[in-house]
Structures are given as structure tokens and as C-alpha cells.
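Fair warning: this is a prediction, and the values are worked out from it, not measured in the lab.
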Amino acid sequence: MSIALSKRALSKAFPAHSVRLASLVIGVVLICAAGSVAYFTEARVGVYRDWVVHTYEVKGEIQLLSATLNELRSSSLLAMLNKDPQEVDHFNEQLVQFNRCMASLKQMTTDNPEQQGRLAQLTPVAEKQVQLMKVFANESDRFPSESLQLQAALAQLSERKSQITTLLQELESAEAGLLRIRLNRWNVLFDRNLVTLAVLFLASFALLIYNFALLLSELARRREQEEVNRQNLESYRALSARILELQDIERRRIARDLHDSVGQFLTGMKLNLGQLRRKNASAHIESPALLADTLDLADRAITEVRTLSHLLHPPLLDELGFESAARWYVEGFAKRSGIQVVFEIAEIVERLPKEIELALFRVLQESLTNVHRHARAQNVLVDVRCTDSEVILEVRDDGCGIPQEVLQSFRTGLAGGIGLAGMRERLAELNGSLHVQSEKTGTLVRATLPTVLCEASDTPALSVFHAQA
């Protein structure tokens, strides 16, 4: 119970959409952080990569210098012994290579003071060695064979060779140690980059999955809410339809009671007063006038009761159908309101179902009532026609129109007035629709109801009825 309460409290404190947005933001931040770490680490890896390549190049130059010195020694001795000009040319080529290697090593090790110091020790020894080898190659006559001078020169050559070899080995060993350090640092950066990327990627991926799960949960919750709203809407429509049905039943009962009770009483009163007038015509001078007035009032009462009865549920609607009831109602409306009404109806071959006729009549009744109460119109056009599997009723007036706030409320599904809402719900119960278009020059109300008994024809018979005030 406490866990459920805590979850509920957390859900209230942190709504699902806020948690989803936070997880999405964190995931994006982690992805950006992973990209930044990868970028800067790769930049440092690139620096160490360049240093490793540079170290390999230095080692190559050292090895090339060692090989060049060996070639110089061999060429100088062969040139001295064989007196061969080609060996002298080869010696000169290797001499150029030696000078290039020394210059290249000095330039490549400018960032390494220790190597610069070793090169400073190597340079004079190597240059003396090269000078002695120049003498061997170019002035071989200075050293007669098996002379003490030649033996001393060869001893110097061998001694300097040992010194040069030692210095070159120190140079190469130093570069090898530096290479190991740089390779190790490169590997550390690469591994750190890999681990960082893996951790950040997994974290961002987990957050994205969590965000996706929250999104699915929110969508499911919205679908459930939409289903609840749909069920509520269906219940509301069913309730509205039931209310309208009960309203019609009640109207029929009131109409029947008014006709059978009040109407009969007033008729009896009229008959009695008529007999009284005939019997007492000579008794009192004022009796005929009084009785005539009473009879006139009784006639008006009977007329009003009949009118009310017909308005509540016109008997013509059940007996002759929508067209006759609509004509009767339009004619009465024009006389009572003083508004000119043109009633146009296309021929309907078969009678429509009773519920459709009743819905059309109620829409017509409510539309004309609204025109009389609110529109301040002078003319009204009522048009009823059939299209393919639809019957359409249009009521158009030339009044002042419906206020925009009322019309907007109606279009957004709000009430928009009890009359409009009642018409819309009545039509929706029969899978129909209500369209209202209003401007300052007038209003159009269009009711559409589907029915299989309504078929469009190329030249439908049109009946036009003008109701005068």
C-alpha cells in the first residue's frame, strides 16, 4: 500500500511527460558529451600518432646514417686498394647521403635536447671519420701498402667506428624508449576513448529506450482516455436521444390530453352557451352581446388548443408524412410571424422512415423558431431534396446572422445553444449531420440524413409553395 502511495505521489510530483522530456534531454546531453569526448580524445590521439610516426622516421634516419657510414668506409677502402674510379663516385654519392642524414637528424630532433646532445657528440667524430675516409678514397698514394702510417690510419678508423657505433646505438635506444612511451600513451588514450564512448553510448541508449517506453505508455494512456471519452460521448448521445424520445412521447401525450380533455370541455361550453343564447334571447337585452363574446372566446380557446396540439405533434406527420406536415407548419409560421416563406421540396417517391421524418420536422421547427426569435429576417427559403442515399433539408434566411462566439462554440463541440445542440444530437443519433453557416447577411442551416429510400434522379419533380404572411 505504501509503495503504491509513493508511486502515486511521485507520478503527481513528476508527471509522465515531464519525466519523458527530462530523460530525452539527458539522453541528448549524454550523446553530445560522448561526441565531445570522442572529438577531443581523437585530437590527442592524433597528436600522439604524429609523434609515433615522427619517432619511426627518426629511427629510420639513424639506421640510414649508420648504413651510410658503413658504405663510406667500404667504398673508401676499396677505392684505396683497387684504384677504381667507380668506387670513388660511389663514395661521393654516399658522402652526399651522409651530409643529408646529419642535417635531417639535427632538424628532426630539435624538440629533444638529449638527442641534440648526442648528435653534438657524434658530429665531430663522424666528420673526422669521413675526412679520413676521403683521404683513403681520393689520396690513396699517401698511404703506401703495409706502411706504419696506413696501419695507424686504419687503427684510427676502427676506433672512431666503435665510437660512432656506440653513439648511434645510444641515439637509436633513446628513440626506441621514446617510441614505447608514446605508443603506450596512444594506447591509453585509445582505450579511454573506447571505454568512455561505450559507457556514454550505453547510458544514452538506455535513456532513449526508457523514453520510448514512457512514450508508449503515454500513448496507451491516451488511447484509454480516448476510449473513455468515446464511450462517454456515446453515452451522452444515447442519453440525449433518449431525452429527445421521451420529449416526443411527452409531447404526444400532452397533445392527446389537450385534444381529448380541454378541447372537449371547451366544445361543450360552446354548445351550452349556444343553447342559452337561443332560449334567453328575449329575456335580457345585454345577454346576446355577452353570449356572443363568450362564444368568440370559446372559439379562440379551441383554436389555440388545436394549434398547440398540432405544434407539439402534428397529426399530419403520422397520417400523411413530412411534406404535408411541413406545408401546414410553414403556412402557420408565415401567418403568425409575418415572414415570407418559400417552401421547395423535391418529389419523394416513398415515405421516409418515421424517425427520419420526425427529425426533419423538428429541425425545420427549431430552425424557423430561431429565425422568428433572433434573426429579424424578412424572407426564408426552405429546401428539401434527395441525393444518392441522402435527404437534405436547408433553411436559409436573410437575417442578421448568429453571433460568432455562439457559432464557434457550436463548431468546437460545445453547446452553442440548446436548440442547435438538440438538432445536432437528434441527427447524430440517426448518423446524420448538421451544418450551420452564418454571416451578417443571413444564416444557412443544413441537415443531412442517410436513407436507402432516397434516390437522386436526373429531373426530380419540384414542388414550390409560397407561404404569405
Side-chain angles (χ1 to χ4, degrees), residues 40-81 87-138 150-195:
F40 290 110
T41 306
E42 180 61 26
R44 295 191 64 187
V45 168
V47 172
Y48 278 97
R49 181 178 59 247
D50 294 337
W51 287 352
V52 168
V53 172
H54 177 73
T55 304
Y56 275 116
E57 291 175 351
V58 172
K59 286 187 64 177
E61 285 296 324
I62 293 173
Q63 293 173 356
L64 180 61
L65 178 61
S66 177
T68 301
L69 288 173
N70 290 331
E71 284 292 324
L72 284 172
R73 181 172 177 275
S74 299
S75 298
S76 63
L77 291 176
L78 289 174
M80 182 184 64
L81 295 175
E87 291 295 335
V88 175
D89 294 337
H90 181 65
F91 175 84
N92 292 328
E93 292 174 0
Q94 293 300 314
L95 184 60
V96 173
Q97 180 70 22
F98 166 79
N99 292 327
R100 190 200 64 79
C101 286
M102 290 297 296
S104 177
L105 281 174
K106 289 180 181 179
Q107 183 179 2
M108 293 172 69
T109 57
T110 52
D111 59 339
N112 193 334
E114 295 181 0
Q115 293 292 75
Q116 286 283 307
R118 294 186 182 95
L119 280 175
Q121 296 177 5
L122 174 64
T123 301
V125 178
E127 288 178 351
K128 289 181 180 180
Q129 184 81 332
V130 169
Q131 290 297 327
L132 181 58
M133 287 187 289
K134 278 184 180 180
V135 174
F136 284 165
N138 297 320
L150 177 60
Q151 291 178 1
L154 290 175
Q156 291 180 4
L157 188 67
S158 178
E159 182 180 357
R160 290 197 188 102
K161 179 179 179 300
S162 300
Q163 294 177 2
I164 292 172
T165 301
T166 301
L167 291 173
L168 288 175
Q169 287 177 351
E170 291 177 0
L171 284 170
E172 191 170 358
S173 299
E175 289 297 327
L178 188 60
L179 178 62
R180 285 192 299 270
I181 294 173
R182 291 176 175 176
L183 283 175
N184 183 60
R185 185 58 181 169
W186 185 7
N187 291 332
V188 169
L189 287 174
F190 181 82
D191 293 339
R192 187 176 69 183
N193 189 26
L194 184 63
V195 172

Using a 4.5 Å cut-off on heavy atoms from C-beta on, say whether the side chain of [Y] contacts that of [X].
X	Y	result
V130	L69	yes
Q163	Q129	no
L122	L105	no

Once rounded to the nearest 0.5 Å, what's the spacing between atom [atom1] of [X] and atom [atom2] of [Y]?
X	Y	atom1	atom2	answer
W51	I181	CH2	CD1	11.5 Å
Q131	R160	CD	CZ	10.0 Å
L132	L72	CG	CG	12.0 Å
L168	S173	CG	OG	10.5 Å

- Under the side chain to side chain contact (heavy atoms under 4.5 Å, CB included) criterion, do E175 and L179 qualify, and how do the steps go? CA-CA 6 Å; E175 289 297 327; L179 178 62; over 6 Å; no

State whether the side chain of [X] and the backbone N or O of [Y] hold a donor-acceptor pair below 3.5 Å, judged by distance alone.
X	Y	result
Q116	K106	yes
S158	A155	no
S66	I62	no
Q115	L171	yes
N184	R180	no

- Between E61 and R100, does at least one N-O distance fall below 4.0 Å, as a salt bridge requires? yes

- Query: Should the heavy atoms of other residues, nucleotides or ligands under 6.0 Å from NZ of K59 be counted, would the total exceed 12?
  - Reply: yes

- Using the side chain to side chain contact (heavy atoms under 4.5 Å, CB included) rule, pick out the option among E172, Q97, M102 that qualifies with L65. M102

- Steps toward side chain to side chain contact (heavy atoms under 4.5 Å, CB included) verdict (L178, N112): CA-CA 10 Å; L178 188 60; N112 193 334; 3.9 Å; yes

- Query: Can you list the steps and then say if I164 with K161 is a side chain to side chain contact (heavy atoms under 4.5 Å, CB included)?
  - Reply: CA-CA 5 Å; I164 292 172; K161 179 179 179 300; 5.7 Å; no

- Message: T109 vs R118, test: side chain to side chain contact (heavy atoms under 4.5 Å, CB included). Steps then yes/no.
- Response: CA-CA 10 Å; T109 57; R118 294 186 182 95; over 6 Å; no

